[in-house]
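Below is one structure, written out as structure tokens; the observations come after it.
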2 protein chains.
Amino acid sequence: MTRPSPRTDIAHEALKQAILERALQPGTKLPEDEIGAHFGMSRTLVRAVLAKLQSEGLVDARPKRTAIVAQPTLAEARDVFEVRRGLEAQAVDLVIKRWKPSFGAELEGLVREEDAARERHEEHVAGRLGGEFHIRLAKLSGNVLLERYMSELVTRCSLILAVYGSPHSHDHSGPNEHIEIIAALRAGDAAKAIALMDAHMSAVERRAMHDTDPAGAALGDVLARYAGAIAAPAGAIPLKRKRTR
Amino acid sequence: MTRPSPRTDIAHEALKQAILERALQPGTKLPEDEIGAHFGMSRTLVRAVLAKLQSEGLVDARPKRTAIVAQPTLAEARDVFEVRRGLEAQAVDLVIKRWKPSFGAELEGLVREEDAARERHEEHVAGRLGGEFHIRLAKLSGNVLLERYMSELVTRCSLILAVYGSPHSHDHSGPNEHIEIIAALRAGDAAKAIALMDAHMSAVERRAMHDTDPAGAALGDVLARYAGAIAAPAGAIPLKRKRTR
DNA sequence: AATACCAAAACTGTATACATGATTGACGGA
DNA sequence: TCCGTCAATCATGTATACAGTTTTGGTATT
């Protein structure tokens, strides 16, 4: 499928997967040395990989501190979903305009693969294929830039889902919704397709965000996550900030 | 306005400006050594700068060859404008939803600045302010990601305009169109604002793309630009490609 | 006169070294 | 017991060196 021959691509892909599968939890430090040692490459290259991951929103690398796995805030999550909804609508619109029967088959193929993976309880694979559906749709729009943006957005959404979604509530109704969207596309019904896509996005977003508070989440985790995002309450004691360990 | 203190930011900004003002023409080689010497920094840093410029679409840096100023193809230009139209519409939509009187003043301020600059015949400044209008609008949407994407798109459009637009036909009707959009925003008329914005985008695009063929353009330039974009005609003599000097 | 070939020059790919700044944990004072 | 201080440690910022590839210009060949 891909040719990640260059070592740097391998490292990039590996880290990306690890982050999206939550093997590396948000906030985890990513020292250049250690990563370099692990992948057998120098810091020079690791640096490039981290820079790319940062531009994709998966890593937070601030000026003079060790890079860490990104901890998207609720505000960021909202922004990502918002932009994504807009671009998904545009993608649907464009795809319908240049629709060919082969498109339907192509998309259905992906849905089937996803179903199969879920059947086999390979949730991570299924999740990836679920995202792949949207990227493929963007590709079918014929707009390369749109495809690139969509890829990035799907990736970011995956991280958000990994962070805020309950551990195993992986996108479950996805396939069915995808099937309905394909039907609308085939019928050339842009309005309906967009509406379905929007509903789909809302469902995913709700699934991601609504699961946030329930008992499951560890208090410490949640606090840590909010810590950076919320400005100190106006009247709060100006407690000389203790170092953040 | 900004604090481009870090040398790397200075170089980035300088190159960006130079490219957008067409001081560095598309295709111009950008050797790491030379740039480093010029800005007094090592190749390590130059590399990072070039990578960033590449991600912004201003530079084309392929695996083992010297980076060059990007030469957007017509297809790429089309894609950029297409995506931009979509995001502009979304921005308008969001801005209207959270409209505050101060927004109008803010946007009008930019338009006035642009007018003033044009009055002074500072076309480059005026052009930049024209783009700034759209970035500011995106910012007012309250969506940081949308703002980031819009910045990138505006930049890319500027390059396209620089490449395909006739040398001095800088965005001329811009200000008026911007004023009309502000009026629609103030009235809370989303449909009208989006329509105006779309017309505005079409105007800019037409101005950029339609000027392509007229006598002015040097034949060699045009051919060179198309060379990479067009697949060899089906029956063409499989001329062993001579090196491209 | 055009083409193929080849070695010098021009650059990039990558690792490594050194300088500098952050982080940590222990120690001592209030 | 709680802070604040300080030095050792850890990790990044940046330059530079060396290896390997591409590009270039000239020369020999047809």
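Numbered from 1 within each chain, the chains take letters A, B, ... in sequence-line order.
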Send over the distance from A:D33 CG to C:dA15 P, rounded to a whole Å. 13 Å

Quick one: do the B:Y149 and A:E152 side chains pair a donor with an acceptor below 3.5 Å? yes

Rounding to an integer number of Å, can you tell me how far B:L30 CG sits from C:dA10 C1'? 15 Å

Nearest to the side chain of B:M41 - D:dA15, D:dT14, C:dA15? D:dA15

Between C1' of D:dA11 and CD of A:E34, the distance in whole Å: 11 Å

Nucleotide nearest A:S42 (side chain, heavy atoms from C-beta), chosen from C:dT12, C:dA15, D:dA15: C:dA15

For A:H12 and A:Q17, test the side chains for any donor-to-acceptor distance below 3.5 angstrom and give the result as yes or no. no

Starting from P on C:dT14, measure out to CZ on A:F39 and report it in whole angstrom. 15 Å

Where the side chain of B:K29 is concerned, which of D:dT14, C:dA15, C:dC11 is the nearest nucleotide? C:dC11

Closest contact, heavy atoms only, A:Y164 versus A:P72: OH-O, 2.6 Å

What is the distance from CD of A:E32 to C1' of C:dG21, rounded to the nearest Å? 14 Å

If every non-hydrogen atom of B:L30 is compared with every non-hydrogen atom of B:L24, which pair is closest and at what distance? CD2-CD1, 4.2 Å

Heavy-atom count check: over 12 atoms from other residues, nucleotides or ligands less than 6.0 Å from A:K139 NZ? no

Winner on side-chain proximity to A:L45, out of C:dA15, D:dA15, D:dA11, is C:dA15

Short of 4.0 Å, heavy atom to strand atom, which residues of residues 56-67 of chain B count as contacting DNA chain D? B:K64, B:R65

For C:dA10, does either OP1 or OP2 sit under 4.0 Å from a side-chain N or O belonging to B:R43? no

Are B:E106 and B:R136 close enough, and set up right, to give a salt bridge (Lys or Arg N to Asp or Glu O under 4.0 Å), and what steps lead you there? CA-CA 9 Å; B:E106 201 171 330; B:R136 188 64 63 91; 3.0 Å; yes

Interatomic distance where CD1 belongs to B:I68 and P belongs to D:dT22 [whole Å]: 16 Å

Audit row: A:K52, A:E56, salt bridge (Lys or Arg N to Asp or Glu O under 4.0 Å) steps and yes/no: CA-CA 6 Å; A:K52 190 166 183 185; A:E56 294 171 326; 5.3 Å; no

